[in-house]
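Report on the following structure.
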There are 2 protein chains.
Amino acid sequence: MMPAKQSSPDFKKSQFPAKNHDHGRCIDDAVAAAEALCARKGLRLTKIRRRVLEMVWQGHNPVGAYELLDRLRDEHKGAAPPTVYRALEFLLDCGLIHRIESLNAYVGCGTPDHLHSGQFLICRHCKRIAELSDDTISETIRSRADRLGFAVQRQTIEILGDCADCRRSQTA
Amino acid sequence: MMPAKQSSPDFKKSQFPAKNHDHGRCIDDAVAAAEALCARKGLRLTKIRRRVLEMVWQGHNPVGAYELLDRLRDEHKGAAPPTVYRALEFLLDCGLIHRIESLNAYVGCGTPDHLHSGQFLICRHCKRIAELSDDTISETIRSRADRLGFAVQRQTIEILGDCADCRRSQTA
DNA sequence: CGAAAAACGTTATATCATAACAATTGGATT
DNA sequence: AATCCAATTGTTATGATATAACGTTTTTCG
Ligand SMILES: [Zn+2]
Ligand SMILES: [Zn+2]
Ligand SMILES: [Zn+2]
Ligand SMILES: [Zn+2]
């Protein structure tokens, strides 16, 4: 018998996903959260926007705009750069995805309930991304900025390194 | 009589420059530090590289590669994108400048003595950048990553907001 | 319905960055 | 000084990311 897939993806609360997690559930949850959020705010999650969101959630890796475009073209003739960039802009504005500045790429947000700048751990090897929401980090930065009279509006925090799984594989 | 310009630019130790600071001194110091660093490490600060470094230090604002290229062309016929990107790569590798990922732009490093990932405050209004070197911030991040088994290799920290000077101007 | 707004289609172009290879230069070694 | 090698620069082309502009279609709502 196969080992049961992890049914409640707790890693969304700040860790890298287990190798065998039920990723279909990640996508479903993300779409469900998006539907709920858009319903609540009176925003329109159109077919294209939903599809781009699903494609961003294809994995826990960041995805480039033109990679999304290629995939979109497979099923949507006439897709062009503005098609995907408009969808990305919408999803960013909603807080459904984040942009990773250091990679020019996009990643789904697992906690889109309130708008926030993300804190990201990015593995150099497997390319997976984990989003943190560590108040200690953001407060440390905020207080340091405060002392200089600087009013923080948005924090871009992207930490590159090696995730636990990849470190184990390397030594093995 | 004119007020004396600030002769020792202490703001290089983590703050925004005073409005009337002697910026010529900033440039001279940066070039002197670069000469020293390259001499110490046996690297060649060629004419182009030095000139690009000076141009990055034209102010405390981040500067784009093609803006540098335009300026370089004024005095160096035959300058092309690779010319400036090669110089930038050299200066980045030496730690003489930093790249601001969220702006696709470059800024001089005031403390190039040891290689480091910078922490930047970026003012939305005046576009000036201040580089912090706050160990509390980097250690907070490192310890949080450690707990997840993540080995930090590089931190990208870019804080967007309003600097003290601009906040004063706005309320006035 | 009919007007207005939002979303989308389409074409062109802006902006940022690198590949590839030839020519030149700088500096060490005879 | 002549030679050689490696580093740097010149040159051309192209790749990768993103937006402008404007017309058409779809949705919303009175
Ligand atoms: Zn998943
Ligand atoms: Zn998020
Ligand atoms: Zn990994
Ligand atoms: Zn300012």
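Protein chains get the first letters and strands the later ones, always in sequence-line order, with residue 1 at the start of each.
No salt bridge links Glu89(B) with Arg86(B); every basic N to acidic carboxylate O contact stays at or beyond 4.0 Å.
Distances from the side chain of Ile48(B) to the nucleotides dA17(C), dT19(D), dT9(D) place dT9(D) closest. Candidate nucleotides dG10(D), dT11(C), dA17(C) were compared by shortest atom distance to the side chain of Thr83(B), and dG10(D) ranks first. If you check dA18(D), dA6(C), dT8(D) against the side chain of Arg44(A), the one that comes closest is dA6(C). In this structure, of dT8(D), dT11(C), dT18(C), it is dT11(C) that holds the atom nearest to the side chain of Ala80(A).
Leu72(B) places its CG atom 12 Å from the C1' atom of dT9(D), with the value rounded to the nearest Å. Counting to the nearest Å, the C1' atom of dT15(C) and the CG atom of Asn104(A) are 11 Å from each other. For the pair Lys41(A) NZ and dA6(C) P, the interatomic distance rounds to 17 Å; values are reported in whole Å. In this structure, NZ of Lys47(B) is placed 12 Å from P of dT25(C), rounded to the nearest angstrom. In this entry the distance linking CG of Leu69(B) with C1' of dT15(C) reads 12 Å, nearest Å. Glu101(B) places its CD atom 16 Å from the C1' atom of dA18(D), with the value rounded to the nearest Å. We find that CZ of Arg73(A) is positioned 12 Å from C1' of dT10(C), with the value rounded to whole Å. Between the CD atom of Glu67(A) and the C1' atom of dG15(D) there is a distance of 16 Å, rounded to whole Å.
Proximity of Thr46(B) to the phosphate of dA7(D): no side-chain N or O atom is located under 4.0 Å from OP1 or OP2. Neither OP1 nor OP2 of dT18(C) sits under 4.0 Å from any side-chain N or O of Tyr85(B). Listed pair Arg49(A) / dA7(C) meets the phosphate criterion, a side-chain N or O lying under 4.0 Å from OP1 or OP2. Taking only side-chain nitrogens and oxygens, His76(B) never comes nearer than 4.0 Å to OP1 or OP2 of dT9(D).
Residues Phe90(A) and Lys77(A) both approach DNA chain C. Their nearest nucleotides, taken by heavy-atom distance, put Phe90(A) toward the 5′ side.
Tyr106(A) comes within 4.0 angstrom of sugar-phosphate atoms only, judged by non-hydrogen atoms across all strands, and of no base. Using a 4.0 Å heavy-atom cutoff across all strands shown, Arg86(A) reaches at least one base atom of the nucleic acid.
The closest side-chain heavy-atom distance from Leu132(A) to Ile157(A) is not below 4.5 Å.
Relative ring orientation between His23(A) and His21(A) is described as perpendicular, the plane-to-plane angle rising above 60° on a 0-90° scale split at 30° and 60°. Aromatic ring pairs are classed by plane angle as parallel below 30°, tilted from 30° to 60° and perpendicular above 60°; the pair His116(B) and His114(B) is tilted.
Ring-base stacking between Tyr66(B) and dT15(C) is not satisfied when judged by a centre separation under 5.5 Å and a plane angle under 30°.
Under the 3.5 Å distance criterion, with hydrogens and angles disregarded, a donor-acceptor pair is assigned to the side chains of Ser102(B) and Glu158(B).
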